[in-house]
Number of protein chains: 2
Amino acid sequence: MDIVYILKALADENRIRILNLLKNRELCVCDIEAVLGIKQSNTSRHLNKLKVAGIIVSVKKSQWVYYQLNDSTFQKFPFLSIIIGYEVEKINVCKDDLVLLEKLKASDRCCE
Amino acid sequence: MDIVYILKALADENRIRILNLLKNRELCVCDIEAVLGIKQSNTSRHLNKLKVAGIIVSVKKSQWVYYQLNDSTFQKFPFLSIIIGYEVEKINVCKDDLVLLEKLKASDRCCE
DNA sequence: ATATTATATGAGTATAATTGCATATACTCA
DNA sequence: TGAGTATATGCAATTATACTCATATAATAT
């Protein structure tokens, strides 16, 4: 059951927060690490779990690895769009994360 | 995050199979146990996890406890209906389970 | 070349989830 | 009342997950 792996990947607060951040843009590991306030290695492992489940994909650009939502999986499983496009908007932490991400990106402190 | 508890409850093959069986009817523990081929105590615990997450409710009728989907939770989280009403139809085990359940119910071997 | 930055991963630990067995509780029926 | 059935739960074993620290790898910049 593919869907069980997808659900397992979704069933974690940090990973929901990550998918919320990736909703409309691609981000590198250090962006996500900074917003969530978790360790780099932990961030990398969460991203890997989402990637193995097929929910996100990664592209390496010079020293950074950019992660983004995997469109084809979102098309194959419409419930994903409902969770990431609608449910997360109800969650306070996720709203705060988006504000924090804007600040971070504006400040140019991360990546560059 | 309520949604994480719901997703954790969904992220298990046996529990997806259970929700598939409950889609259009209420069932008692022994019905589910028989179709899934798992132990009674295990069945009871899976049902409890779904119940604690608010996905199903239970009603006691004489010696049986009947479980059914919790309509209000399905209304609150529309993605649940997509998973249980549409995604499970693609899963072979789930299709087989429905056939098995019909046979079981026709044979009157389970419960009374 | 060397130092720096970004990312991934091995190893160890802590915590949580799943399962089975045995047993407790509750209800039914003779 | 006593036997049988349905369900829940305490306990123990096993397995899976999440997390941290330290280190490896790869790219960049000086």
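Letters go in sequence order (proteins before strands), and every chain restarts at 1.
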J.: Nearest to the side chain of B:K49 - D:dA6, C:dT7, C:dA17?
T.: C:dA17
J.: Can you tell me how far P of C:dA6 sits from CG of A:L27, to the nearest Å?
T.: 14 Å
J.: Given that A:K8 and A:S41 both sit by DNA chain D, which one's nearest nucleotide is further toward the 5' end?
T.: A:K8
J.: Can you find a side chain N or O atom of B:N42 that sits less than 4.0 Å from OP1 or OP2 on C:dT18?
T.: no
J.: Among C:dT7, D:dT7, C:dA17, which nucleotide has an atom closest to any side-chain atom of A:W64?
T.: C:dT7
J.: What nucleic acid atoms does A:S44 come within less than 4.0 Å of, heavy atoms only: base, sugar-phosphate, or nothing?
T.: base
J.: Choosing from D:dT7, C:dA8, D:dC11, which nucleotide comes nearest the side chain of B:R45?
T.: D:dC11
J.: Hey, are the side chains of A:T73 and A:I56 touching, using non-hydrogen atoms and a 4.5 Å cut-off?
T.: no
J.: What integer distance in Å separates A:E13:CD from C:dA16:P?
T.: 14 Å
J.: With a distance cut-off below 6.0 Å to the six-membered ring centre and an angular limit of 45° from the axis, does B:K49 pair with B:Y5 as a cation-pi contact?
T.: no
J.: Between D:dA8 and B:Y67, is there an OP1 or OP2 to side-chain N/O distance shorter than 4.0 Å?
T.: yes
J.: Taking only Lys NZ, Arg NE, NH1 and NH2, and the carboxylate oxygens of Asp or Glu, determine whether A:K76 and B:E87 approach each other closer than 4.0 Å.
T.: no
J.: Please report the distance, rounded to the nearest Å, between NZ in A:K39 and C1' in C:dA6.
T.: 16 Å
J.: Using whole Å, report how far CG of B:L7 lies from C1' of C:dA17.
T.: 16 Å
J.: Return the nucleotide paired to C:dC29: Watson-Crick means purine N1 to pyrimidine N3 with N6-O4 or O6-N4, wobble means G-U with N1-O2 and O6-N3, both under 3.5 Å.
T.: D:dG2
J.: Could you pick out which residue, A:A11 or B:Q40, lies toward the 5' side of DNA chain D when each is mapped onto its nearest nucleotide?
T.: B:Q40
J.: Could you state the atom-to-atom distance from CD1 of A:I38 to P of D:dT20 in whole Å?
T.: 8 Å
J.: Taking the basic N atoms (NZ, or NE/NH1/NH2) and the acidic carboxylate oxygens, is any pair closer than 4.0 Å for A:R17 and A:E33?
T.: no
J.: What is the distance from CG of A:L47 to P of D:dC19, rounded to the nearest Å?
T.: 13 Å
J.: Could you check if a side-chain atom of A:D97 sits within less than 4.5 angstrom of a side-chain atom of A:N20, using non-hydrogen atoms only?
T.: yes
J.: Go ahead and name the base partner of D:dT23; Watson-Crick or wobble counts if both distances stay under 3.5 Å, otherwise write none.
T.: C:dA8
J.: Rounded to the nearest angstrom, tell me the gap between atom NZ in B:K61 and atom P in C:dT28.
T.: 14 Å
J.: Given D:dA6, C:dG10, D:dA27, identify the nucleotide with an atom nearest to the side chain of A:K60.
T.: D:dA27
J.: Under 6.0 Å from the NZ atom of B:K39, do we count more than 12 heavy atoms belonging to anything else shown?
T.: no
J.: Students often get this wrong, so: under 4.0 angstrom with heavy atoms, is B:D12 touching a base, only sugar-phosphate, or nothing?
T.: sugar-phosphate
J.: Looking only at the side chain of A:V65 (C-beta and beyond, no hydrogens), which of the listed nucleotides C:dT19, D:dT20, C:dT7 gets closest?
T.: C:dT7
J.: Provide, to the nearest angstrom, the distance between the OH atom belonging to B:Y66 and the C1' atom belonging to D:dA8.
T.: 17 Å
J.: Base, sugar-phosphate, or nothing for A:N48, non-hydrogen atoms under 4.0 angstrom?
T.: nothing
J.: Does B:H46 make a side-chain N or O approach to OP1 or OP2 of C:dA17 shorter than 4.0 Å?
T.: no
